[in-house]
Amino acid sequence: MKIDVLTLFPEMFSPLKESIIGKAIEKKIINLELVNMRDFSKDKHKKVDDTPYGGGAGMVIRPDVVYDAYNSLKIKENSKLIYLSPQGKTLTQEKVISLSKEEHLILLCGHYEGIDQRVIDVLNPEEISIGDYVLTGGELPAMVLIDSVARYIKGVLSEESINEESFSNKLLEYPQYTRPEIFLNKKVPEVLISGHHENIKKWRQEQAIEITNKKRPDLLKK
Ligand code: 4F9
């Protein structure tokens with residue numbers, strides 16, 4: 001999958017160089033391009049924002065800067081533009097799975113008080129929120145989207161991790177244990193060291209249901 005990110009803060013994306021997503025980028029399973037929209041400022045001081053018409057606090061990103069940055073990309077029929085915004089539909093695991101089937105994602109990140117509405121109207125992105133809270137910009141939501149989507153791309157995770165995870169069956173995960181067998185006088189549940197695979201599977205399923213019922217009963221109702 002190709003992922004282009006339009007941002008004024010490309011350096012904020014360094015967490016994606018670590019761990020599983022970092023490996024996927026190294027292996028070119030994900031082709032991540034960070035495009036600094038500041039490079040598309042025509043201003044001699046590289047200014048990209050200005051005060052809002054009508055007054056009010058903060059700065060608004062100029063539409064021409066965003067438009068020129070967008071048009072510098074190789075856009076194809078199947079390219080999908082997403083604007084990370086609190087006005088969008090909230091990202092769900094189902095949406096993550098459907099996005100993971102796309103060939104090319106373009107993630108537009110606002111900052112400050114946002115982006116001039118005219119370029120949003122012209123580019124007509126799908127707006128996606130990661131939850132009902134306000135952030136300083138779309139960069140963290142873009143990283144959340146990339147991380148969640150990348151996990152469904154073939155070769156990023158082991159096959160088991162995908163099927164056994166939380167939400168794949170609409171349940172929370174069962175508890176996990178590793179060595180030592182006794183920690184602070186607490187023993188690992190006996191069934192897990194029994195070697196009886198059928199009993200282990202059954203126990204884990206029961207635990208998943210019990211934990212979901214206790215912590216997130218709303219998930220069971222769905
Ligand atoms: C974007 C918050 C997506 C939640 C972008 C300020 C945002 C956001 N989900 N907040 N800029």
Peer 1: Taking only residues two or more places apart in sequence, or in another chain, which ones meet Y133 in a side chain to side chain contact (heavy atoms under 4.5 Å, CB included)?
Peer 2: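 I130, L135.
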Peer 1: As an exercise, state the distance from CG of L107 to CG of L6, rounded to the nearest 0.5 Å.
Peer 2: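 Rounded to the nearest 0.5 Å, the CG-CG separation comes to 8.0 Å.
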Peer 1: If I take atom CD1 from residue I106 and atom CD1 from residue I82, how far apart are they, to the nearest 0.5 angstrom?
Peer 2: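 Rounded to the nearest 0.5 Å, the CD1-CD1 separation comes to 9.5 Å.
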Peer 1: Does I128 form a side-chain contact (heavy atoms from CB on, under 4.5 Å) with T90? I'd like the steps, not just the answer.
Peer 2: CA-CA 6 Å; I128 295 181; T90 308; over 6 Å; no
Peer 1: If the condition is ring pair (Phe, Tyr, Trp, His ring centres under 6.0 Å), which residues does F13 pass it with, not counting sequence neighbours?
Peer 2: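 With sequence neighbours excluded, F13 shows a ring pair (Phe, Tyr, Trp, His ring centres under 6.0 Å) to no residue whatsoever.
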Peer 1: With sequence neighbours left out, which residue pairs that include part of residues 1-16 fulfil the side chain to side chain donor-acceptor pair (under 3.5 Å) condition?
Peer 2: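 Qualifying pairs, neighbours excluded: K2-D4, D4-H104, T7-E139.
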Peer 1: Quick one, Y83 with I115, criterion side-chain contact (heavy atoms from CB on, under 4.5 Å). Give me CA distance, side-chain angles, the key distance, then yes/no.
Peer 2: CA-CA 10 Å; Y83 177 37; I115 297 175; 3.7 Å; yes
Peer 1: Side-chain contact test, heavy atoms from C-beta onward, threshold under 4.5 Å: evaluate it for L91 versus S148 and give yes or no.
Peer 2: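 Answer yes - side chains close enough.
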Peer 1: Sequence neighbours left out, what pairs pass side chain to side chain donor-acceptor pair (under 3.5 Å) with at least one residue falling in residues 207-217?
Peer 2: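 Found R216-D218.
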Peer 1: Work out which heavy atom in V188 is nearest to a heavy atom in P180; give both atom names and the distance.
Peer 2: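 Nearest pair, atom of V188 first, then P180: CG2-O, 4.1 Å.
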Peer 1: Before you tell me yes or no, could you show the steps for D43 and V65 under side-chain contact (heavy atoms from CB on, under 4.5 Å), namely the whole-Å CA-CA distance, both residues' side-chain angles and the distance that decides it to 0.1 Å?
Peer 2: CA-CA 10 Å; D43 184 272; V65 169; over 6 Å; no
Peer 1: Looking at K187 and E181, does any basic side-chain N land under 4.0 Å from a carboxylate oxygen?
Peer 2: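 Yes, this pair counts.
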Peer 1: Give, for atom CG of L157 and atom CZ of R151, the distance between the pair rounded to the nearest 0.5 Å.
Peer 2: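 Output value for this atom pair is 5.0 Å.
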Peer 1: Please list, chain by chain and in numerical order, all residues satisfying side chain to side chain contact (heavy atoms under 4.5 Å, CB included) with D121, sequence neighbours excluded.
Peer 2: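 Result, side chain to side chain contact (heavy atoms under 4.5 Å, CB included) vs D121: Q117.
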Peer 1: According to a hydrophobic-cluster definition based on side-chain heavy atoms being under 4.5 Å apart (Ile, Leu, Val, Met, Phe, Trp, Tyr only), do Y177 and F183 belong together?
Peer 2: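 As far as the 4.5 Å side-chain criterion goes, F183 and Y177 are not connected within one cluster.
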Peer 1: Taking the inter-plane angle between the rings of F9 and H111 on a 0 to 90° scale, is it parallel (under 30°), tilted (30 to 60°) or perpendicular (over 60°)?
Peer 2: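 Rings of F9 and H111: tilted, as their planes differ by 30° to 60°.
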Peer 1: Mind checking side chain to side chain donor-acceptor pair (under 3.5 Å) for N185 and listing every partner two or more places apart, or none if nothing turns up?
Peer 2: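 Expected list: none.
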Peer 1: Hey, could you give me the OG/CG distance between S129 and L145, rounded to the nearest 0.5 Å?
Peer 2: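 One gets 11.0 Å once the value is rounded to the nearest 0.5 Å.
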Peer 1: Pairs of donor and acceptor atoms involving the side chains of residues 15-39, under 3.5 Å and at least two apart or interchain, shall be tabulated with distances.
Peer 2:
from	atom 1	to	atom 2	distance (Å)
N36	OD1	R38	N	3.0
R38	NH1	K46	O	2.9

Peer 1: Would V144 and L84 count as a side-chain contact (heavy atoms from CB on, under 4.5 Å) if you check the C-alpha gap in whole Å, the side-chain angles of each, and the deciding distance to 0.1 Å?
Peer 2: CA-CA 10 Å; V144 166; L84 287 308; over 6 Å; no
Peer 1: Flag the pair L192 / R204 as yes when at least one side-chain heavy-atom distance between them is below 4.5 Å, and no otherwise.
Peer 2: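 Yes, side chains in contact.
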Peer 1: Which side chain to side chain donor-acceptor pair (under 3.5 Å) pairs, counting each pair once, include a residue from residues 55-73, with sequence neighbours left out?
Peer 2: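 Output for this query lists K42-D68, R62-D64.
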Peer 1: Show me the donor-acceptor pairs, under 3.5 Å and distance only, between side chains in residues 194-202 and residues at least two apart or in other chains.
Peer 2:
from	atom 1	to	atom 2	distance (Å)
S194	OG	V191	O	2.6
S194	OG	H196	N	3.1
H196	ND1	N199	N	3.2

Peer 1: Within the side chain of S41, is there an N or O that forms a donor-acceptor pair under 3.5 Å with the backbone of K47?
Peer 2: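 Between the backbone of K47 and the side chain of S41 there is a qualifying donor-acceptor contact (under 3.5 Å).
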Peer 1: Could you tell me the separation between the NZ atom of K154 and the CE atom of M1, rounded to the nearest 0.5 Å?
Peer 2: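 These two atoms lie 15.0 Å from each other.
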Peer 1: Name all pairs fulfilling the ring-ring contact (aromatic ring centres under 6.0 Å, His included) condition that reach into residues 198-222, sequence neighbours left out, sorted by first residue then second.
Peer 2: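 Not a single pair qualifies under ring-ring contact (aromatic ring centres under 6.0 Å, His included).
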Peer 1: Taking V119 as the starting point, is it possible to reach V60 by hopping between hydrophobic residues whose side chains are less than 4.5 Å apart?
Peer 2: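 Each belongs to a different hydrophobic cluster.
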Peer 1: Within a radius of less than 6.0 Å around CD of E206, do more than 12 heavy atoms belonging to other residues, nucleotides or ligands occur?
Peer 2: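 Counting other residues, nucleotides and ligands, CD of E206 exceeds 12 neighbours.
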Peer 1: Looking at residues at least two apart in the chain, or sitting in another chain, which of them share a side chain to side chain donor-acceptor pair (under 3.5 Å) with D116?
Peer 2: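 Scan of D116 (side chain to side chain donor-acceptor pair (under 3.5 Å), adjacent residues dropped) gives R118.
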Peer 1: Indicate the atoms forming the closest heavy-atom contact of G58 with P52, along with that distance.
Peer 2: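 Result for this residue pair: O-CD, 3.2 Å.
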Peer 1: If you compare all heavy atoms of C109 against all heavy atoms of V5, which two are closest, and at what distance to 0.1 Å?
Peer 2: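 Shortest heavy-atom separation between C109 and V5 comes out as SG-CG1, 3.9 Å.
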Peer 1: Could you name each residue pair satisfying salt bridge (charged side-chain N to carboxylate O under 4.0 Å, His left out) that touches residues 91-102, not counting sequence neighbours?
Peer 2: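 Every pair satisfying salt bridge (charged side-chain N to carboxylate O under 4.0 Å, His left out) with a residue in residues 91-102: E94-K170, K95-E126.
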Peer 1: As an exercise, state the distance from CG of L108 to CD1 of I120, rounded to the nearest 0.5 Å.
Peer 2: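 The CD1 atom of I120 is 5.5 Å from CG of L108, to the nearest 0.5 Å.
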